[in-house]
Amino acid sequence: MNKYDINSQLLVFLRNQMTQSEELLKTLVNDFHGRELPRRNLYNKLSKYLDEFLEKRTEPRWISVAGLRGVGKTTLMAQIYFHNQKKE
């Protein structure tokens with residue numbers, strides 16, 4: 001397999017991932033019937049930081065969310081992502 005074939009396959013893979021990512025995230029924030037899943041306490045704090053940054057142009061900051069596998073870090077970020085999408 002030459003370099004062109006590998007790059008071509010990688011490009012196809014990345015395009016597929018980008019196309020499917022939003023649908024995959026929806027499965028994290030909604031149940032089987034499409035109802036929103038409960039939010040953790042950290043959701044309110046993080047969405048407030050995001051809202052302040054986007055609306056008031058407050059100082060940019062780094063926020064780190066640490067935790068073991070399976071505790072909901074990606075779900076939390078997906079919930080905040082969709083919260084922000086509704087505002088646009």
Side-chain angles (χ1 to χ4, degrees):
M1 187 176 292
N2 66 32
K3 184 178 177 180
Y4 176 76
D5 290 337
I6 294 171
N7 287 340
S8 178
Q9 289 177 356
L10 181 60
L11 187 59
V12 168
F13 173 78
L14 290 173
R15 283 185 180 153
N16 287 337
Q17 291 299 308
M18 291 173 65
T19 302
Q20 298 171 11
S21 61
E22 191 160 318
E23 288 303 314
L24 290 172
L25 282 179
K26 285 180 183 177
T27 65
L28 295 174
V29 299
N30 298 317
D31 68 9
F32 184 70
H33 301 289
R35 295 178 297 232
E36 282 190 11
L37 294 171
R39 297 178 179 149
R40 299 194 184 268
N41 294 337
L42 187 56
Y43 172 87
N44 293 328
K45 186 179 250 185
L46 291 180
S47 62
K48 178 183 160 213
Y49 287 152
L50 179 64
D51 291 343
E52 287 177 356
F53 176 73
L54 294 175
E55 294 171 8
K56 300 176 185 174
R57 299 294 180 203
T58 58
E59 179 182 332
R61 62 179 80 198
W62 285 88
I63 298 173
S64 175
V65 179
L68 298 172
R69 283 181 60 184
V71 297
K73 299 178 300 292
T74 303
T75 301
L76 178 63
M77 293 298 111
Q79 288 172 329
I80 290 172
Y81 169 78
F82 285 112
H83 167 77
N84 193 50
Q85 290 295 320
K86 289 178 186 176
K87 290 183 172 187
E88 293 179 356

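Index from 1, following the sequence.
- The hydrophobic cluster containing F82 does not contain L76, counting ILVMFWY residues as joined when their side-chain heavy atoms lie under 4.5 angstrom apart, directly or transitively.
- Contact check for Y43 versus H83: side-chain heavy atoms found under the 4.5 Å cut-off.
- Under the 3.5 Å distance criterion, the side-chain polar atoms of K56 are left unmatched by any main-chain donor or acceptor of D51.
- At distances below 3.5 Å, at least one donor-acceptor pair connects side-chain atoms of K73 with backbone N or O atoms of G67.
- At a threshold of 4.5 Å between non-hydrogen side-chain atoms, the residues V29 and L37 do not count as touching.
- Summarising the geometry, atom OG1 belonging to T74 is positioned 11.0 Å from atom CD belonging to Q79; distances are rounded to the nearest 0.5 Å.
- Y49 and L42 fall within a single hydrophobic cluster, where Ile, Leu, Val, Met, Phe, Trp and Tyr are joined by side-chain heavy atoms under 4.5 Å apart, directly or via other members.
- For the atom pair CG of L24 and CD of Q20, the computed distance is 6.0 Å after rounding to the nearest 0.5 Å.
- For the residue pair M77 and L46, the shortest heavy atom distance occurs at CE-CD1, 3.5 Å.
- Y81 and L54 fall into different hydrophobic clusters, where Ile, Leu, Val, Met, Phe, Trp and Tyr residues are linked whenever their side-chain heavy atoms come under 4.5 Å apart, directly or through other members.
- Between atom CZ of residue R40 and atom NZ of residue K45 there is a gap of 16.0 Å, rounded to the nearest 0.5 Å.
- Residue I80 holds its CD1 atom at 9.0 Å from CG of N44, rounded to the nearest 0.5 Å.
- The heavy-atom pair separating E36 from R39 by the smallest distance is OE1-NH2, 2.8 Å.
- Considering only heavy atoms from C-beta on, L25 stays 4.5 Å or farther from E22 through its side chain.
- No single ILVMFWY cluster, assembled from side-chain heavy atoms under 4.5 Å apart, contains both L11 and M18.
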